[in-house]
Amino acid sequence: MKRILYLIISIFVLFGCSQQNNKKEDQSQVETVPNEAVATTTVYPAVLAKALAAHGGLEKWQSFGTLEYEMQKPDFSEYQLIDLKNRKTLLITDNYKLGFDGEQAWVIPSKDAFGGKSIRFYHNLYFYFFSLPFVLADPGIEYEEMGEETVDGKAYNVLKISYGENVGDSPEDNYICYFNKDDNMLDFIRYTVTYYSKEQSTKYNALKYDDWQEINGMKLPLNMSFYTWEDGSFGKQRSSAVFENVVFSNEVPNTVTFQKPEGAEVESNPTL
């Protein structure tokens, strides 16, 4: 819990300080809120139910209120803090702080410092990929079991994911999940990006889970790689990410953690 508190308090120090110095700030001012886990009675497709069990169990995942980790990309490092109950986020790098307070996505000192196209699109992007298959149990998801499929000579159980109308910022997105037939683990996914077009797409990219790590009894990604998807197989590798220092907590962070700082730029609605 100490690591979470160190980073939460860093919101209130000068942005010019490094992330490491922020972690050393006094933690006594930060409050946490007890997490009341809510049991689910939803019946999931068999392939997903087996995958959730293989990854450590949905009940265990839902018992936590806070997730934090450090994401290492080829060209930068980013700390991410997530309220698992309300899906509010805080992201910190040497160049910017970016957050989502439940309504607005914000960044400080500027969108130019962030460098991406949309802070709202980005705020939970890697959290979602990191948290599969658990987030596939979210409300509003529609499932289609697609049987078996062979990719690069290996057979998988396949599940297609789509979303109900007005679910999230990109309800037109589709995910096709490939589960290892031997251990029911999620080996890779294909996914569309419709955030900007707001239209269904048949163009897929691929994300492969290279290695797993066990945290609190749950199997979560250590390394993942992003690819183009070409002619039914993996194409060119586009990027990769490593997730380190993963910590869960039963409590949820104080909501002030995610509030927009003075001077931050915001996106209240999905960018069109």
Between Lys203 and Thr192, does a side chain to side chain donor-acceptor pair (under 3.5 Å) hold up when you go through it step by step? CA-CA 6 Å; Lys203 181 181 178 180; Thr192 61; over 6 Å; no
Are Tyr69 and Gln80 close enough, and set up right, to give a side chain to side chain donor-acceptor pair (under 3.5 Å), and what steps lead you there? CA-CA 6 Å; Tyr69 50 76; Gln80 299 195 2; 2.6 Å; yes
Gln72/Ser77 under side chain to side chain donor-acceptor pair (under 3.5 Å): CA gap, chis, key distance, verdict: CA-CA 5 Å; Gln72 308 293 337; Ser77 174; 3.2 Å; yes
Return the orientation label for the Tyr178 and Trp229 ring planes: parallel under 30°, perpendicular over 60°, tilted otherwise. tilted
On the 0 to 90° scale, with breaks at 30° and 60°, tag the Tyr191-Phe226 ring pair as parallel, tilted or perpendicular. perpendicular
For [Y], does its backbone N or O pair with a side-chain atom of [X] as donor and acceptor, under 3.5 Å?
X      : Y      : value
Asn86  : Lys88  : no
Ser118 : Phe121 : yes
Thr66  : Glu251 : yes

Working to the nearest 0.5 Å, report the span between CD of Glu78 and OH of Tyr126.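 The OH atom of Tyr126 is 8.5 Å from CD of Glu78, to the nearest 0.5 Å.
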Taking atom CG of Asp75 as the centre, does the number of heavy atoms from other residues, nucleotides or ligands within less than 6.0 Å exceed 12? yes
Would a 4.5 Å heavy-atom cut-off, applied to side chains only, mark Leu48 and Cys177 as touching?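 Leu48 does not reach Cys177 side chain to side chain.
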Would you call Lys111 and Glu267 a salt bridge, using N to O less than 4.0 angstrom?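 Looking at Lys111 and Glu267, the cut-off is met.
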If the test is side-chain contact (heavy atoms from CB on, under 4.5 Å), which one of Leu91, Ile108, Val107 qualifies with Lys97?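 Answer to the side-chain contact (heavy atoms from CB on, under 4.5 Å) test with Lys97 among Leu91, Ile108, Val107: Ile108.
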Is there a salt bridge (charged side-chain N to carboxylate O under 4.0 Å, His left out) between Glu148 and Lys181 once you walk through the steps? CA-CA 9 Å; Glu148 295 184 11; Lys181 291 192 64 177; 2.5 Å; yes
Cut-off 3.5 Å, side chains only: do Asp210 and Ser225 have a donor facing an acceptor? yes
